[in-house]
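Below is one structure, written out as structure tokens, with a few remarks after it.
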Amino acid sequence: MPLTIITTIKEMQDLSDTLRKQGKTIACVPTMGYLHAGHASLIKEAVKSHDTVITTIFVNPLQFGPKEDFERYPRDTERDKNIIEASGGSILFYPSIDEMYPPDYQTTISVTNISKSFEGAFRPGHFEGVATVVAKLFGATKPHTAFFGQKDYQQTLIIKQMVHDLNLGTCISIVPTLRESSGLAMS
Ligand code: PAF
């Protein structure tokens with residue numbers, strides 16, 4: 001089946017509502033695109049246990065610091081679409097920045113304690129950006145389960161805590177890290 005591409009939150013929510021009414025299980029695989037074998041493994045894992053797998057591609061400006069280059073983050077959506085299809089994903093949610101953060105946007109989510117140490121200590125605001133966008137992606141895709149790589153361990157702890165604290169009701173599934181033959185985690 002060809003990949004269904006959705007760019008608006010309303011259209012995404014409507015489709016997820018319809019799928020849920022039909023009794024289908026929905027998985028979400030949030031990404032910032034430029035997909036590699038690690039992302040493909042998340043999609044393949046999600047396909048095993050869910051009727052519909054929604055992969056999201058959104059390069060989230062909120063999680064980049066002022067000295068981190070948001071503009072130069074690699075993008076190749078045509079290649080990404082092929083990887084999603086080859087991995088068995090059926091839906092791509094691909095919103096614009098304006099769709100996610102319209103001019104009147106005001107809310108950020110801070111998972112305070114876990115975000116302070118390790119990577120959070122070096123990248124102020126990074127995990128607020130991650131928590132905020134993930135909550136928004138969950139609000140748009142309405143997944144039963146979301147899949148994340150174990151590689152970003154602190155990020156997985158923060159997302160689990162946020163889901164717990166905000167009663168979001170999404171199950172978080174952590175998939176083991178895929179490594180290059182050198183042992184380096186794929187990223
Ligand atoms: O791990 C990532 O790629 C990003 O932090 C995520 C979870 C897609 C949020 O932008």
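Just so you know, ligand 1 is whichever comes first in the structure, and atom 1 is the first atom listed for that ligand.
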* Nearest protein heavy-atom contact for atom 2 (C) of ligand 1: which residue, which atom, what distance? -> Gln155 NE2, 3.9 Å

* Between Met32 and Gln63, is a side chain to side chain contact (heavy atoms under 4.5 Å, CB included) present by the stated rule, with each step listed? -> CA-CA 11 Å; Met32 296 209 299; Gln63 70 189 76; 3.7 Å; yes

* Asked: Which of these, Gln63, Lys136, Lys151, has its nearest heavy atom closest to atom 9 (C) of ligand 1?
  -> Gln63

* Compute the shortest N/O to N/O distance between Asn60 and ligand 1 and return yes if it is under 3.5 Å, no if not. => no

* To the nearest 0.5 Å, how far apart are CD1 in Ile26 and CG in Leu19? -> 5.0 Å

* To do: Please check if the side chain of Thr132 supplies one atom and the backbone of Gly129 the other of a donor-acceptor pair under 3.5 Å.
  => no

* Asked: For ligand 1, which atoms have a heavy atom of Val133 less than 4.0 angstrom away?
  -> 9 (C), 10 (O)

* To do: May I ask you to identify, for Ile159, whether its side chain, its backbone, both or neither come under 4.0 Å of ligand 1 on a heavy-atom basis?
  => neither

* To do: State whether the shortest distance between N or O atoms of Thr31 and N or O atoms of ligand 1 falls below 3.5 angstrom.
  => no

* **Carboxylate-amine/guanidinium proximity below 4.0 Å for Lys10 and Asp14** => yes

* Asked: Any cation-pi pair here, Arg72 with Phe64, using under 6.0 Å and within 45°?
  -> no

